[in-house]
Amino acid sequence: YYLIKPILSRLLIDKNNKALVEKDNKKRTRNQIAMHVVSFIQALCILEFCFLAIIEDPDYYFTFFKVKNEIKQLESVSLVNLDFKKLFDLSKIEERIFGYTENNNKIVILACGYFLWDMVISAYCSTPAFMVHGFVSFTVYSIGLSKFINYYACVFLIFELSNPFLNIRWFANHYQKSNNILARVN
């Protein structure tokens, strides 16, 4: 944060805009910027790890999307040929509830660390609702450290996909750059 915030401020603040310069230097604003920088970086990192885990072991995550091409003797993943029998195959329930992979465990550890930080920093700088969110998320992902519901860690962390976009929007609004092309595309 201490490396990124000065760079952001220099790039995004018009020095003639005294009100924004003053607002940007307030302690509460610095804390909010820090929270959004950490949130942005964490979301990008955790998403990369989740997608890498899914790419490395697609059979584990996409058993019901597999299609066998009899002519080429290949299996591929297809959303068009979704096999509903495999989607509701009860033999996979035990593997998903009690299954465990090393990649998922690493992802859960990272998620727990972030949500613990989020809970503490929200108690200090934010609202009780964000503190409760951090606590509940930390608790649920802590359960995933055992071999119970470990499969779902990677799957549910894909919801973090919206987080970088929300942070870009927050930065655009904070630095009064809502009309910027990046903010509009976002």
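Count residues from 1 along the sequence. Keep in mind that the numbers below use all heavy atoms, side chains included, and drop hydrogens, waters and symmetry copies. For clarity, every value in this text was computed on a predicted model and none was experimentally measured.
- The minimum heavy-atom distance between A111 and I46, with the atom names listed, is N-CD1, 3.9 Å.
- There is a side-chain donor-acceptor pair under 3.5 Å between N163 and S39.
- Annotation: side chain of N103 is not in contact with side chain of C154 (no heavy-atom distance under 4.5 Å).
- Hydrophobic clustering (side-chain heavy atoms under 4.5 Å, transitive across Ile, Leu, Val, Met, Phe, Trp, Tyr) groups L110 together with F159.
- Using a 4.5 Å heavy-atom threshold, the side chains of K147 and F98 count as separate.
- In this pair, W170 and H36 present their aromatic rings parallel. The plane angle is below 30°, not in the 30 to 60° band.
- The side-chain heavy atoms of F171 and V37, taken from C-beta on, include a pair separated by under 4.5 Å.
- Between Y141 and F115, the ring-plane angle classifies as parallel under the 30° and 60° cut-offs.
- Contact between I107 and F49 at its shortest, heavy atoms only, is CD1-O, 3.6 Å.
- Hydrophobic clustering of Ile, Leu, Val, Met, Phe, Trp and Tyr side chains at less than 4.5 Å, counting indirect connections, unites Y152 with I143.
- Annotation: side chain of Y124 is not in contact with side chain of M35 (no heavy-atom distance under 4.5 Å).
- Within the 4.5 Å cutoff, the side chain of F156 has no heavy atoms near those of the V140 side chain.
- For the ring-ring contact (aromatic ring centres under 6.0 Å, His included) test, no residue two or more places apart in sequence or in another chain qualifies with F130.
- Looking at heavy atoms from C-beta onward, L47 lies out of side-chain contact with L157 at the 4.5 angstrom threshold.
- The shortest heavy-atom contact between N167 and F40 is ND2-N, 3.5 Å.
- Distance SG/C50 to CD1/I55: 11.0 Å, rounded to 0.5 Å.
- Here the side chains of D118 and S137 are not in contact, with every heavy-atom distance at 4.5 Å or above.
- Counting heavy atoms from C-beta on, the side chains of S122 and T127 never come closer than 4.5 Å.
- Scanning all heavy atoms of the two residues, the minimum distance from M119 to G134 falls at CB-C, 4.0 Å.
- Note that CG of L52 is 11.5 Å distant from NZ of K106, once rounded to the nearest 0.5 Å.
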